[in-house]
Amino acid sequence: RAKSAGGNRFELADPESDARAITRHALTTALPAALERGEFFIEYQPLVHLGDGSVRGAEALVRWAHPQHGVLGPDRFIPLAEHTGLIVPLGRWVLEGAVRQARRWQGTDNGPVRINVNVSPMQLHHPGLVADTVDILEREGLEPGALCLELTESALIGADDDLLKPLRRLAEMGVDIALDDFGTGYSNLANLRRLPVSVLKLDRSFTRGMQQYPADPVDRKIVEGIVGLAHSLDLSVTVEGVETGAQADALRELGCDTAQGWFYARPGPPDRLHTLDLVDAVG
Ligand code: C2E
Ligand code: MG
Ligand code: MG
Ligand code: MG
């Protein structure tokens with residue numbers, strides 16, 4: 001089947017991309033009922049202190065147990081939920097579940113003490129963000145200092161003061177704000193000063209340059225510079241996507257504070273995240 005695109009230009013329809021579009025549409029339509037039926041679940045990935053290898057917290061990562069397609073990762077449905085606005089109730093559901101889990105860990109004295117939750121740009125634009133967060137923390141009995149909200153660099157680029165206001169309120173309460181996937185977007189370093197963030201999460205692409213030991217000298221210089229700047233602004237640095245011991249060693253040497261990645265543990269169910277299991281994994 002060829003679609004004419006005007007004049008003498010035409011393109012062949014790509015049956016695969018048609019199929020993807022149909023699936024996307026079907027998934028989008030199915031989202032609200034999926035939330036109601038409880039088809040979403042949260043996996044947790046530990047955040048490890050690079051200095052001593054202890055687990056300091058975990059990041060909550062949402063998944064969809066789709067009855068036909070199996071388990072879908074967030075990249076498959078978060079953009080769809082963003083598009084329709086369902087991300088607001090879905091994001092609230094994740095926040096509530098993650099905060100409840102963090103409180104449970106605190107009670108057992110045998111798990112991560114801090115919880116990181118991803119927040120989409122649309123949730124930031126939604127007027128209920130601060131009230132919902134305060135409400136959930138109070139209801140579940142978690143202190144604000146144990147919560148870290150992750151926003152991507154691109155969500156905050158060009159954000160005006162009105163958009164930053166809810167984040168400032170949360171930061172004043174003691175909630176940490178992390179700049180996720182840092183270094184992937186247009187990184188206006190000077191811009192960092194006006195954002196109420198306390199954590200930089202260095203994108204996985206930087207970790208890749210640390211594959212061999214010693215690390216690639218140019219990548220080293222870049223990470224060294226970012227870490228130096230972050231620390232001078234009182235930000236702590238978390239690195240994503242640490243898959244090997246060599247990467248962990250290089251990033252520790254460069255002064256990064258916290259690490260996350262398959263080298264330590266893949267995202268998994270909350271009961272797999274107890275400190276003892278992780279010490280084994282770190283070896
Ligand atoms: P992110 O926040 O940057 O999360 C880190 C992603 O890297 C996760 O992918 C995680 O599974 C993956 N990862 C962790 N360690 C490694 C590693 O060592 N190597 C590699 N190759 N990957 C690693 P995941 O779970 O597929 O999540 C993808 C993105 O979806 C997240 O990126 C985040 O932006 C978004 N997301 C996940 N959960 C939520 C949520 O509840 N709300 C919103 N708004 N977004 C979410
Ligand atoms: Mg994140
Ligand atoms: Mg990230
Ligand atoms: Mg990332």
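Because the structure is predicted, anything quoted here is derived from the model rather than measured.
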**Message:** I need the minimum non-hydrogen distance between Pro144 and Leu137, along with the two atoms involved.
**Reply:** CA-CD1, 3.9 Å
**Request:** State the CD-CZ distance between Glu140 and Arg100, to the nearest 0.5 angstrom.
**Result:** 4.0 Å
**Asked** At their closest point, which heavy atom of Cys148 faces which heavy atom of Ile177, and how far apart are they?
**Response** SG-C, 4.4 Å
**More than 12 heavy atoms from other groups under 6.0 Å of CZ on Arg169** = no
**Message:** Checking Leu167 against Leu124 for the side chain to side chain contact (heavy atoms under 4.5 Å, CB included) test, could you report, in this order, the C-alpha distance in whole Å, the side-chain angles of both residues, the deciding distance, and whether it holds?
**Reply:** CA-CA 8 Å; Leu167 291 185; Leu124 184 59; 3.6 Å; yes
**Complete:** Looking only at heavy atoms, the pair that brings Ser120 and Ile78 closest together is OG-CG2, 4.1 Å
**Request:** Identify whether the distance between the nearest side-chain nitrogen and carboxylate oxygen of Asp161 and Lys165 falls below 4.0 Å.
**Result:** no
**Item:** Flag side-chain contact, heavy atom, 4.5 Å: Val130 against Leu170
**Value:** yes
**Complete:** For Leu164 and Ala159, the nearest pair of non-hydrogen atoms, with its separation, is CD2-CB, 3.9 Å
**Asked** Do Leu151 and Asp180 have side chains that get closer than 4.5 Å, going by heavy atoms?
**Response** no
**Fill in**
Heavy atoms of Cys256 and Val223 approach each other most closely as SG-CG1, 4.2 Å
**Asked** Once you round to the nearest 0.5 Å, how far does CZ of Phe40 lie from CG of Leu90?
**Response** 5.0 Å
**Asked** Salt bridge between Arg204 and Asp181, side-chain N to carboxylate O under 4.0 Å?
**Response** no
**Asked** Can you hop from Tyr44 to Phe41 via hydrophobic side chains spaced under 4.5 Å?
**Response** no
**Message:** Counting C-beta onward and ignoring hydrogens, is there a side-chain heavy-atom pair between Glu243 and Arg208 closer than 4.5 Å?
**Reply:** no
**Request:** Could you tell me whether the side chain of Gln45 and the main chain of Ala265 form a donor-acceptor pair under 3.5 Å?
**Result:** yes
**Prompt:** What distance separates Gln123 CD from Arg92 CZ, expressed to the nearest 0.5 Å?
**Reply:** 9.0 Å
**Prompt:** Is there side-chain contact between Thr28 and Phe77, with heavy atoms separated by less than 4.5 Å?
**Reply:** no
**Item:** Sole candidate of Gln260, Glu59, Arg63 that passes side-chain contact (heavy atoms from CB on, under 4.5 Å) when paired with Pro267
**Value:** Arg63
**Message:** Hydrogens and angles aside, do Gln101 and Gln106 bring a side-chain donor and acceptor to less than 3.5 Å of each other?
**Reply:** no
**Asked** Are Leu200 and Leu192 close enough that some pair of their side-chain heavy atoms sits under 4.5 Å apart?
**Response** yes
**Item:** Approximate separation, where rounding is to 0.5 Å, of Ser236 OG and Asp257 CG
**Value:** 5.0 Å
**Asked** Any donor and acceptor pair, going by atom type alone, linking the side chain of His231 with main-chain N or O of Asp234 inside 3.5 Å?
**Response** no
**Message:** Are the side chains of Trp93 and Leu35 in contact, using a 4.5 Å heavy-atom criterion?
**Reply:** yes
**Prompt:** Do Arg266 and Glu43 sit within salt-bridge range, that is, some charged N less than 4.0 Å from a carboxylate O?
**Reply:** no
**Request:** Is it possible for you to say whether Ile136 and Leu142 belong to one hydrophobic cluster, with membership spreading through side-chain heavy-atom contacts below 4.5 Å?
**Result:** yes
**Request:** Determine whether Leu95 and Val175 fall in the same hydrophobic cluster, where Ile, Leu, Val, Met, Phe, Trp and Tyr are linked whenever their side-chain heavy atoms lie under 4.5 Å apart.
**Result:** yes
**Prompt:** Less than 4.5 Å apart, any side-chain heavy atom of Val237 and any of Lys201?
**Reply:** no
**Fill in**
dist Thr238:OG1 -> Phe182:CZ (nearest 0.5 Å) comes out at 13.0 Å
**Donor-acceptor pair, side chain of Arg56 and main chain of Leu47, under 3.5 angstrom** = no
**Prompt:** With a cut-off of 6.0 Å (strictly less than), are more than 12 heavy atoms of other residues, nucleotides or ligands near NE2 of His83?
**Reply:** no
**Prompt:** Okay, side chain of Gln247, backbone of Thr207: is any donor-acceptor separation there less than 3.5 Å?
**Reply:** yes
**Request:** State, yes or no, whether a side-chain contact exists between Leu147 and Val99 at a heavy-atom distance under 4.5 Å.
**Result:** yes
**Asked** Rounded to the nearest 0.5 Å, how far does CG of Leu27 lie from CZ of Arg76?
**Response** 6.0 Å
**Fill in**
Tightest non-hydrogen contact, residues Ala98 and Val117, listed as CB-CG2, 3.7 Å
**Message:** Can you confirm whether His125 is buried at NE2, in the sense that more than 12 heavy atoms of other residues, nucleotides or ligands lie under 6.0 Å from that atom?
**Reply:** no
**Message:** Going by side-chain contact (heavy atoms from CB on, under 4.5 Å), Pro74 matches just one of Val94, Asn118, Val62. Which one?
**Reply:** Val62
**Prompt:** Just by distance, do the side chain of Glu153 and the backbone of Gly183 share a donor-acceptor pair under 3.5 Å?
**Reply:** yes
**Prompt:** Does Arg252 use its side chain to pair, donor to acceptor, with the backbone of Leu50 at less than 3.5 Å?
**Reply:** yes
